[in-house]
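I have placed the structure first, in the form of structure tokens, so that the comments after it can refer back to it.
We number each residue from 1, following the sequence as shown. When reading the values below, keep in mind they use all heavy atoms of this one structure, side chains included, and skip hydrogens, waters and symmetry mates.
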Amino acid sequence: MDSGVTVVTNPVVTVRLTSTISSFEVEKRFNRGMTIAELKGKLEMIVGVPGPSIDLELFSVSDKFLQKMDDNEALLGSFPVDDQCRIHVIDRSGGQMGEFTDVSKVEKFELTDEAYDKRADSLRSFKKMHRVGRFNEEEMAKKGAEQAAQQEEEKAAVEAITIGSRCKVQVPGQPTKLGTVMYVGTTDFKPGYWVGVKYDEPLGKHNGTVQGKQYFECANKYGAFVKPLNVTVGDFPEEDHGLDDLDEM
């Protein structure tokens with residue numbers, strides 16, 4: 001009876017690939033039955049180096065150098081290649097590390113605005129043809145008129161608001177807040193007219209300073225800027241929440 005041991009080897013091996021022209025490591029599967037010349041032909045498509053300019057070195061799973069793979073007629077399986085071994089590709093054509101990944105060396109295509117405006121296959125040309133956005137004169141005129149009307153309305157509202165007045169702030173989607181007007185006018189952080197308010201409670205966003213510029217003073221989280229149309233000036237006394245009654249207990 002034959003008591004010998006039969007060793008079955010997987011015909012496909014998974015290896016790690018590195019190269020002298022890239023810092024990346026990739027995993028690939030190869031048939032052990034291919035020759036080293038055939039392997040180099042496949043590596044040419046992976047690393048971008050011509051097959052005849054490739055030298056190969058084999059490293060173990062723990063990255064210990066094993067041997068050079070310099071016999072083009074030898075089969076890949078004739079070398080001690082196990083799964084997760086590393087095959088290092090050396091480029092003898094003169095390629096440098098990062099040559100194919102450093103985009104700063106790539107000549108960039110530049111087009112002047114005048115030349116771009118003349119192209120018929122551009123996004124700008126499409127917008128012009130279909131009168132989209134700023135190329136729709138009627139729509140732009142309508143938006144301009146609406147913005148002008150809103151600015152006039154805000155200006156009129158601002159003229160009726162004075163610093164020191166008590167006010168009620170009603171911003172859509174937010175609870176009604178009471179406070180005191182601390183600032184009225186334009187700002188550096190956004191165009192248009194704004195009203196600076198010191199709320200009675202810490203429901204604001206800042207202390208009167210926005211982007212490093214102080215418009216008014218108040219405790220932190222008590223200050224906010226709102227549009228004039230959201231502010232109503234009137235007799236809105238501070239709410240005491242029944243605190244005075246506690247002094248009599």
(request) May I ask you to decide if Pro52's main-chain N or O and Arg92's side chain share a donor-acceptor pair within less than 3.5 Å? (result) yes
(request) Decide yes or no for Ile36 and Phe79: does some side-chain heavy atom of the first lie under 4.5 Å from some side-chain heavy atom of the second? (result) yes
(message) Suppose the criterion is side-chain hydrogen bond (donor to acceptor under 3.5 Å, both in side chains): which pairs have a residue in residues 160-181, not counting sequence neighbours?
(response) Thr162-Ser165, Arg166-Thr180, Arg166-Asp200, Gln174-Lys177
(request) Give a yes or no on this: more than 12 heavy atoms of other residues, nucleotides or ligands lie within 6.0 Å of atom CD of Glu114. (result) no
(message) Using 0.5 Å steps for rounding, measure from the OG1 atom of Thr14 to the CZ atom of Arg29.
(response) 5.0 Å
(request) Measure from the side-chain N and O atoms of Arg32 to the backbone N and O of Leu75, and report whether any donor-acceptor pair falls under 3.5 Å. (result) no
(message) Enumerate the ring-ring contact (aromatic ring centres under 6.0 Å, His included) contacts for residues 44-68, please, sequence neighbours excluded, ordered by first and then second residue.
(response) Phe59-Phe65
(message) Apply the hydrophobic cluster definition, ILVMFWY joined by side-chain contacts under 4.5 Å directly or through others, and give me every member besides Leu203.
(response) Val158, Ile161, Ile163, Val169, Val171, Val181, Val184, Tyr193, Val195, Val197, Tyr199, Val226, Val231, Val233
(message) I'd like to know whether Thr20 forms a side-chain contact (heavy atoms from CB on, under 4.5 Å) with Val49, so could you lay out the CA-CA distance, the side-chain angles of the two residues, the decisive distance to 0.1 Å, and finally the verdict.
(response) CA-CA 10 Å; Thr20 56; Val49 178; over 6 Å; no
(message) For residues 68-87, which residue pairs pass the salt bridge (Lys or Arg N to Asp or Glu O under 4.0 Å) check, not counting sequence neighbours?
(response) Glu57-Lys68, Asp63-Arg86
(request) Supply the atom-to-atom distance Lys28 NZ to Ile46 CD1, rounded to the nearest 0.5 angstrom. (result) 5.0 Å
(message) Checking Glu110 now: which residues fulfil salt bridge (charged side-chain N to carboxylate O under 4.0 Å, His left out) with it, not counting sequence neighbours?
(response) none
(request) Taking all non-hydrogen atoms of both residues into account, name the closest pair between Ala224 and Gly204 and its distance. (result) CB-CA, 4.3 Å
(request) Please tell me if the side chains of Val89 and Leu56 come closer than 4.5 Å, counting only heavy atoms from C-beta onward. (result) yes
(request) Please round to the nearest 0.5 Å and tell me the distance separating atom OG of Ser60 and atom CD of Gln84. (result) 12.0 Å
(message) I'd like to check Asp91 versus Val47 (side-chain heavy atoms, cut-off strictly below 4.5 Å). Are they in contact?
(response) no
(message) Please determine whether side-chain contact (heavy atoms from CB on, under 4.5 Å) holds for the pair Thr209 and His206, giving the CA-CA distance in whole Å, both sets of side-chain angles, and the decisive distance to 0.1 Å.
(response) CA-CA 7 Å; Thr209 298; His206 48 71; 6.0 Å; no
(request) Could you name each residue pair satisfying salt bridge (Lys or Arg N to Asp or Glu O under 4.0 Å) that touches residues 211-220, not counting sequence neighbours? (result) Asp188-Lys213
(message) According to a hydrophobic-cluster definition based on side-chain heavy atoms being under 4.5 Å apart (Ile, Leu, Val, Met, Phe, Trp, Tyr only), do Val61 and Leu76 belong together?
(response) no
(message) Under the ring-ring contact (aromatic ring centres under 6.0 Å, His included) definition, can you give me all pairs with a residue in residues 145-171, not counting sequence neighbours?
(response) none
(request) Report the distance from atom CD1 of Ile21 to atom CD1 of Ile90, rounding to the nearest 0.5 Å. (result) 12.0 Å
(request) First locate atom NZ of Lys143, then atom CD of Gln150, and finally report the distance between them rounded to the nearest 0.5 Å. (result) 13.5 Å
(request) Write out all pairs satisfying side-chain hydrogen bond (donor to acceptor under 3.5 Å, both in side chains) with one or both partners inside residues 39-48, taking only residues at least two apart or from two chains. (result) Lys40-Asn72
(message) Within the structure provided, determine whether Asp113 and Arg124 are in side-chain contact (heavy-atom separation under 4.5 Å).
(response) yes
(request) Supply the members, apart from Leu178, of the Ile/Leu/Val/Met/Phe/Trp/Tyr cluster built from side-chain contacts under 4.5 Å; use none for a lone residue. (result) Phe236
(message) With heavy-atom distances below 4.5 Å as the criterion, would you say the side chains of Pro172 and Asn230 are in contact?
(response) yes
(message) How close do Glu154 and Pro228 get, counting heavy atoms only, and between which atoms?
(response) O-CB, 3.9 Å
(message) Restricting to side-chain contact (heavy atoms from CB on, under 4.5 Å), what partner residues turn up for Glu153, sequence neighbours left out?
(response) Leu229
(message) Using the side-chain hydrogen bond (donor to acceptor under 3.5 Å, both in side chains) criterion, which residues pair with Asp235? Sequence neighbours excluded.
(response) none
(message) Working to the nearest 0.5 angstrom, can you tell me the gap between Leu39 CG and Phe30 CZ?
(response) 5.5 Å
(request) Could you identify which residues cluster with Met182, counting Ile, Leu, Val, Met, Phe, Trp and Tyr as linked when any side-chain heavy atoms lie under 4.5 Å apart, either directly or through a chain of such contacts? (result) Tyr183, Phe189, Trp194, Val210, Tyr215, Phe216, Phe225
